[in-house]
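Down below is the structure, laid out as structure tokens.
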Amino acid sequence: MSMHREAAAPAPRLVGPAVRTLLWFGGVILPLLALAGAIVIGLCWMPGLFSATMCAHALLIVSVPLANAQLLRALHGESPLPSRRMALLHSFATGVSAVFAVLFLPLTALGVIAIVYFGAGLLLLAPLLSLCAALAARRLLRRTRPQGGAALGPLWPGMLLALAIVAALELPTAVTRIGMSMANGANPATRDRGVLLLRHLGNETMMRGLCYQIPSPGTDLVGVLQPFSFPIGAEQARAIYYRVNGIAFNALPVPSALDPGRLGLNRDAGASIVGGRAAGLRLAGSRIEGTLDARAALASLDWTITFRNDALNQQEARAQANLPAGAVVTGVAVLDGASVREGLVGGAALRARQQAAQASGRAPALVTTAGKDRIMLHLRDIPGQGELTVRIALVAPLVLNELRLGFVQLPSFSERNVDIGDGMRHAVSLESASALRGAPGMREEPGATLPFALRGELAEPLPGMGAAIVGALRAPSDTHAWSPDPSTPGGAIVQTIVQRAARIPRRVALVVDGSVALAAQREQLARAATSFPGNVELGVIVAGSQAPQVFLHDPSDSLASVRYLQDIAFEGGNDNSAALLAAWEWAAASSDGAVVWIHGPQPLMPGSGDALLQHYRQRPGQVRLFDLEAASGRNVLWERMDGIAALARVPRIGSLHDDLVRLLSGWKPAAQQVVVERSRAGASQPAAQQASPQLARLWAGERAMVLRAKDALATPGEAGELARLERLLAATAQAPGAPALAVPEAAPSGAAAALAQPGWELCLLIALALVAAGWRVHFHLRTPYPSSPHEARAQ
């Protein structure tokens, strides 16, 4: 017993004050300072940084100063030698120091420089210095207390345990980086293996963070070796994210741990795409007001949207929206308090000119086309801690599946960089001279200015569902309507509604997106196979990871088609352009073909989009394309095909099954369809058939949309016609109670601009030429010129 007490008694201090101070500073004080600094930085600038992984890292780091302090106290004779458990803890803490020293090794040079210039570089050297202090303390303890060497035990068990724990914490991020690099490779097989690896073992939060070009909050080895760079660019990361998860990265809020607003990043500001979500930017209010004219089969709507910016800095709201079928945007204005600032409405060429313009020359709001029946909204300069309201005026034709009823689908967002809270509702107030039928949640009431009204509050449509539908009862005899043509004295825009035999295609290719966005609607697709028309040749093509193949539908065995659709493996996200190209070529083998495209979001740049676009431009009327959007989102292919006359969007009235069956039923034998024609006429029209001026706006907008799509190839005559149509849109009277939303004239671009009308550069050149000519005449009159060369030499 006496010998044990003597061995356990504190030993005399055999280490000098200088060495003791260095060991305490490097092994205990510096790790605590580094941990405290990381906590302060996280709380002040990145509160979302403290994930479960980072808390585990913090606990690992805490073990280092505790174990070192216990060992240094034993070394200095202030406590007994550590027990076996404490010795194991110290070997574990030494392993933690070693792992983090390796992780921070690429930053060692930066830490040395920071010591010289700022003095804070010691924090970057904390893992390395704590490791050196721990090893030095162990060596000194063995030298001064040889009998205690066995008590410390070997280092390797604790170091292996520390390495295993850190590896387990960092394995998901390391696997994610490896998978992202593989998915971005040049070899297709390697890309597929990378996508498969990410789909099963990838870290979704980290993948979404790479889409914003924000580093992961973890300290994985690969990430530290590249602390200020990224393995791939933002566009590649976003494409990989879609291929892995089947949804666009901005369909979900920004992860709190990777909030770009808190990190001061907004890489998509001023871009021509919606891009990533903006931190602190949300939809504060939305109102849809207007009137439905059942006799003229049109709707005039004003969509007023209020954006709230909770961040301190000024931000920009960008969104894509689905409009009613055939809708035309007639004006946009920004309402800022009591002031009203007019925005611009145009096509892709106007968007490019606005992107190239200086900040002072850009419109406060810009609305451009983003494919048929889809617009892109740019709203600039939303003040920090403030709100900004934009009002979009549009006119849309009623969809007439029958003469007795016309309906319009309300506008809705398809992609946005703002958040929408669960409690946010779109306030709807519509009036009409005829009875209205609304979606669930809307009330039928007497109108303020017209006999009938619909009012209610509607939530943002869920994925896979279309926006709300509003219908208006009409008399079948109302087949003619007209409105004055302001651009032609005595002229009129005449609309005629007729019912004709439907144009039935001979071949129909049904292209089904194999992405995971359609997995929830598998049964609806399968049930629709029992209603496929038997009078047309129909083939099903799945747009998946495999090469597209045509499955021929047998009308006598519809169950085979049902089983085929049920067996589709919906996974990830797929580029549909190759399947659409194969469908076009198969349908084009007949004299009249059609392609029905059932799909979800398509944010990828289409690989076969150019070939498909070439087919539609060279043979525009041979194959019609009907777009049935099962889940809303960005559609790059649809944007690139803007202006193709053979494209049509199928209105989402009900479920996917009902909408698909309704479309295919229109191609059964003896099917009828309602056709609406609008044209310019010069003769006088019956006064009883006169409609609102919105009919002229609808005609002018439809014609202007066609010319805007051809802006880069416009002839001088088309450029002048586009200018006249823009003036017609601006001059037409507004709906009662609507703000003055004048549409500025869109200047033609390229060669059309030079041929259409002289710009200020040409006028300035002509003025300078006239001044030079006048000066030359004046010079000739005042200067005595010699009459011959001899006289000139004499002078």
Side-chain angles (χ1 to χ4, degrees), residues 53 167-216 218 220-223 226 230-252 255 258 463 511-522 525 541-549 551 564-580 582 599-608 630-631 633-634 636-637:
T53 302
L169 292 174
E170 298 305 325
L171 184 62
T173 55
V175 169
T176 302
R177 289 185 180 275
I178 295 171
M180 295 290 280
S181 299
M182 292 175 59
N184 194 44
N187 190 335
T190 303
R191 291 199 300 267
D192 293 340
R193 286 196 297 269
V195 170
L196 188 63
L197 178 64
L198 292 171
R199 192 170 293 161
H200 292 90
L201 299 176
N203 186 305
E204 192 273 341
T205 301
M206 182 180 176
M207 284 190 287
R208 215 180 330 158
L210 289 174
C211 295
Y212 289 92
Q213 290 292 273
I214 304 169
S216 168
D220 58 288
L221 181 59
V222 180
Q226 297 176 336
F230 301 93
I232 57 176
E235 290 300 321
Q236 292 84 358
R238 294 169 182 181
I240 294 172
Y241 185 90
Y242 168 71
R243 292 181 60 198
V244 172
N245 299 288
I247 59 174
F249 78 104
N250 57 4
L252 300 173
L258 302 174
V511 178
V512 180
D513 184 7
S515 303
V516 72
L518 273 74
Q521 308 189 54
R522 182 198 308 268
L525 281 172
I541 300 177
V542 178
S545 57
Q546 305 297 326
Q549 301 290 334
F551 173 83
Y564 181 80
L565 292 172
Q566 287 178 334
D567 292 339
I568 297 177
F570 295 103
E571 58 182 4
N574 298 285
D575 177 10
N576 288 194
S577 60
L580 287 172
H599 64 91
Q602 288 289 294
L604 290 180
M605 186 61 65
S608 304
R634 188 187 180 192
V636 178
L637 180 59

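Here the CD1 atom belonging to Ile178 is positioned 9.5 Å from the OG1 atom belonging to Thr173, to the nearest 0.5 angstrom. Here the CG atom belonging to Asp192 is positioned 12.5 Å from the CG atom belonging to Leu197, to the nearest 0.5 angstrom. From Leu252, atom CG reaches atom CD of Glu204 across 6.5 Å, with rounding to the nearest 0.5 Å. Atom CG in Asn245 sits 11.5 Å away from atom OG in Ser515 (nearest 0.5 Å). Summarising the geometry, atom CD belonging to Gln602 is positioned 8.0 Å from atom CG belonging to Asn574; distances are rounded to the nearest 0.5 Å. Distance CE/Met605 to CD/Glu235: 8.0 Å, rounded to 0.5 Å.
In this structure, Val542 and Tyr564 have side chains that are in contact, with non-hydrogen atoms separated by less than 4.5 Å. Taking 4.5 Å as the limit, every side-chain heavy atom of Leu196 sits out of range of all side-chain heavy atoms of Arg193. Counting only heavy atoms from C-beta outward, the side chains of Arg243 and Arg191 approach each other to under 4.5 Å. Side-chain contact between Ile568 and Leu525: absent, with no pair of heavy atoms (C-beta onward) separated by less than 4.5 Å. Between Leu604 and Val636, every side-chain heavy-atom pair lies at or beyond the 4.5 Å cut-off.
With ring centers used as reference points, Tyr241 lies 6.0 Å or more from Phe249.
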Before you tell me yes or no, could you show the steps for Val512 and Phe570 under side chain to side chain contact (heavy atoms under 4.5 Å, CB included), namely the whole-Å CA-CA distance, both residues' side-chain angles and the distance that decides it to 0.1 Å? CA-CA 10 Å; Val512 180; Phe570 295 103; 4.2 Å; yes

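Between Ala248 and Pro603, the shortest heavy-atom contact is CB-CG, 4.4 Å. Taking each heavy atom of Ala517 and Gly600 in turn, the nearest pair found is CB-CA, 4.4 Å. Summarising the geometry of Met207 relative to Val244, their closest heavy-atom pair is CE-CG1, 4.2 Å, with the distance given to 0.1 Å. Here the closest non-hydrogen pair linking Asp513 and Tyr242 is OD2-OH, 4.4 Å. Scanning both residues, Gly246 and Val516, for their nearest heavy atoms gives CA-CG1, 3.6 Å. Scanning both residues, Ile240 and Leu198, for their nearest heavy atoms gives CG2-CD1, 3.7 Å.
At distances below 3.5 Å, at least one donor-acceptor pair connects side-chain atoms of Asp575 with backbone N or O atoms of Gly607.
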